[in-house]
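Here is the structure we will look at, set down as structure tokens.
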Protein chains: 2
Amino acid sequence: MKDGPDIARIAALIGDPARANMLTALMSGKALTATELAREAGVTAQTASSHIGKLQAGGLVAEQRQGRHKYVSLANDDVGRVLEALMGVAAGAGHLRTRTGPRDDALRHARVCYNHLAGHRGTQMYDGLVAGGHLVGETLSESGEALVRELGVDLEALRKGRAPLCRDCLDWSERRAHLAGSLGRALLTRFEALGWAACDPNSRAVRFSDKGAAAFDSLFAR
Amino acid sequence: MKDGPDIARIAALIGDPARANMLTALMSGKALTATELAREAGVTAQTASSHIGKLQAGGLVAEQRQGRHKYVSLANDDVGRVLEALMGVAAGAGHLRTRTGPRDDALRHARVCYNHLAGHRGTQMYDGLVAGGHLVGETLSESGEALVRELGVDLEALRKGRAPLCRDCLDWSERRAHLAGSLGRALLTRFEALGWAACDPNSRAVRFSDKGAAAFDSLFAR
DNA sequence: CAGATGCTTCGACTAAGGTCGAAGTATGAA
DNA sequence: TTCATACTTCGACCTTAGTCGAAGCATCTG
């Protein structure tokens, strides 16, 4: 009866509070140094080093060395997905009603999920793309290509990359799919460049400008 | 920077091998007794009892007592989602290439995900529903209602239930969304009743009959 | 070349928790 | 009632792993 891949190893890695804090911090999409992660996790540098080593060995994070700094980021979309899914359970079945503050509301409305847009705005975009016939399964239709080009996305460059263009990712607050993949990442970048949205440097929240919200609503009717 | 719900508690629960085996076994959708779970996990009854208690306290499983038996099942869709997502990471970043056998192929093609259809057949159905305009966001269109009624699903009964009708669930093998929710569950039940598909009693695999495969393909063109 | 900063390794301590034997409680069967 | 089965509780054992101090490299700065 025991079928499918071995999940205990991965879950145990995420199951330590210090490591979970690190991973949650990395969900902002930013690459953080080992010392920054230590501070996030509330442990000393030695302990953090050990944790980061385990996360790396487990394939959950990737490193990028720059001089004497070690920048750490999530390894791929899959990891982000797992973390989102876990947050869903933790928020729901979790500790008898997590009291939801204003900060929580901002996260539910729009946030960064590793490298793409999540929350209400994320699913709004996904649903809009699908309803408009721009996104069919995991491929972009002709109208979809036109739409994202219009927004200033360099599709050719994305197609050259090894990462898949469109992927689903499950939203913990909306419990619906939103768009991940290299296109999801590129779109969030464009929204920032266009001044439609800005990432809060201290959290995963994404704040939409009035202009951005209006443009967004007209593009992806809700 | 540490935002979002507390995921470590949940992940730690799944992180123990014995408990992970139990949860994986429960992904077949069947409710299992404590002794059966003990056997699945390869531990004694006492140990299993302790584990089940923790899973219950954590909100991951629900119990249903029947005489001297304690039937345990996954608490809800969210839990199934997390397990699927974890399998995705474990299969990918996981232990340097999990060798994929014939049994694995069957799982990838069609399997039970807690209570609904997953694998290639699962995403085929989801994509077919969306492409046909039957499913828009998380609501069923008029044509969608007609379609599922045609298949013999009692929509009124489902709507009376507290569980949401349509939900997304992320597929670990396809890395795409498939249909969960009470409708997802009902459809799988109907496919079995119609003789289109049968659940392997010893695994999560779902085997389609020739008739079923043909009907399925014509309904949800691929 | 110092001196400072960022990261890693080593070793020892400690706490947490998984494990099972033994015994206890509930339910069902004869 | 008596016995068997299913599950739970208790207690003891022991492995695992998270933690930090101390020291060691590596890299950048002055």
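Residue numbers start from 1 in every chain, and the chains themselves are labelled A, B, ... in the order their sequence lines are given, proteins ahead of strands.
- Salt bridge annotation for B:Arg175-A:Asp78: present, with a cationic side-chain nitrogen under 4.0 angstrom from a carboxylate oxygen.
- For the pair A:Ser209 (side chain) and A:Trp196 (backbone), a donor-acceptor distance under 3.5 Å is present.
- Both tests hold for A:Arg121 against A:Phe208: distance to the six-membered ring centre under 6.0 Å, angle to the ring axis within 45°.
- Checked by atom type and distance alone, the side chain of A:Arg185 never pairs as donor or acceptor with a backbone atom of A:His116 at under 3.5 Å.
- Within 4.0 Å of A:Ala34, counting heavy atoms only, lie sugar-phosphate atoms of the nucleic acid but no base atom.
- We find that B:Asp105 and B:Arg108 are not joined by a salt bridge, their nearest charged nitrogen and carboxylate oxygen being 4.0 Å or further apart.
- Residues from residues 64-74 of chain A lying near DNA chain D, meaning a heavy-atom separation below 4.0 Å, are A:Gly67, A:Arg68 in numerical order.
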Is there any protein nitrogen or oxygen under 3.5 Å from a nitrogen or oxygen in nucleotides 1-3 of chain D, and what are the pairs?
none

Kindly list each side-chain donor-acceptor pair under 3.5 angstrom involving residues 64-72 of chain A, sequence neighbours excluded, with atom names and distances?
unit_1	atom_1	unit_2	atom_2	d
A:Arg65	NH1	A:Glu63	OE2	3.1
A:Lys70	NZ	A:Gln56	OE1	2.9
A:Lys70	NZ	A:Glu63	OE1	3.3

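- Nucleotide C:dT9 holds its P atom 10 Å from the CD atom of A:Gln56, rounded to whole Å.
- More than 12 heavy-atom neighbours from other residues, nucleotides or ligands sit within 6.0 angstrom of CZ on B:Arg149.
- Here C:dT19 presents its P atom at 10 Å from CG of B:Asn21, a figure rounded to the nearest Å.
- Atom CD in B:Glu63 sits roughly 8 Å away from atom P in D:dT8 (whole-Å rounding).
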**Request:** Spell out protein contact along nucleotides 12-25 of chain D as letters: B when the base is contacted, S when just the sugar-phosphate is, - when no protein heavy atom is under 4.0 Å; keep the 5' to 3' order.
**Result:** ------SSBBB---
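- Every residue meeting the salt bridge (charged side-chain N to carboxylate O under 4.0 Å, His left out) condition with B:Glu138, not counting sequence neighbours, appears here in chain and number order: B:Arg167.
- In this structure, the side chain of A:Arg111 does not engage the main chain of A:Val206 through any donor-acceptor pair within 3.5 Å.
- Around the CZ atom of B:Arg176, the shell of radius 6.0 Å holds more than 12 heavy atoms that belong to other residues, nucleotides or ligands.
- A ring pair (Phe, Tyr, Trp, His ring centres under 6.0 Å) check over residues 30-60 of chain B, counting only residues at least two apart or in different chains, returns nothing.
- Whole-Å rounding puts the B:Glu36 CD to D:dT5 P distance at 16 Å.
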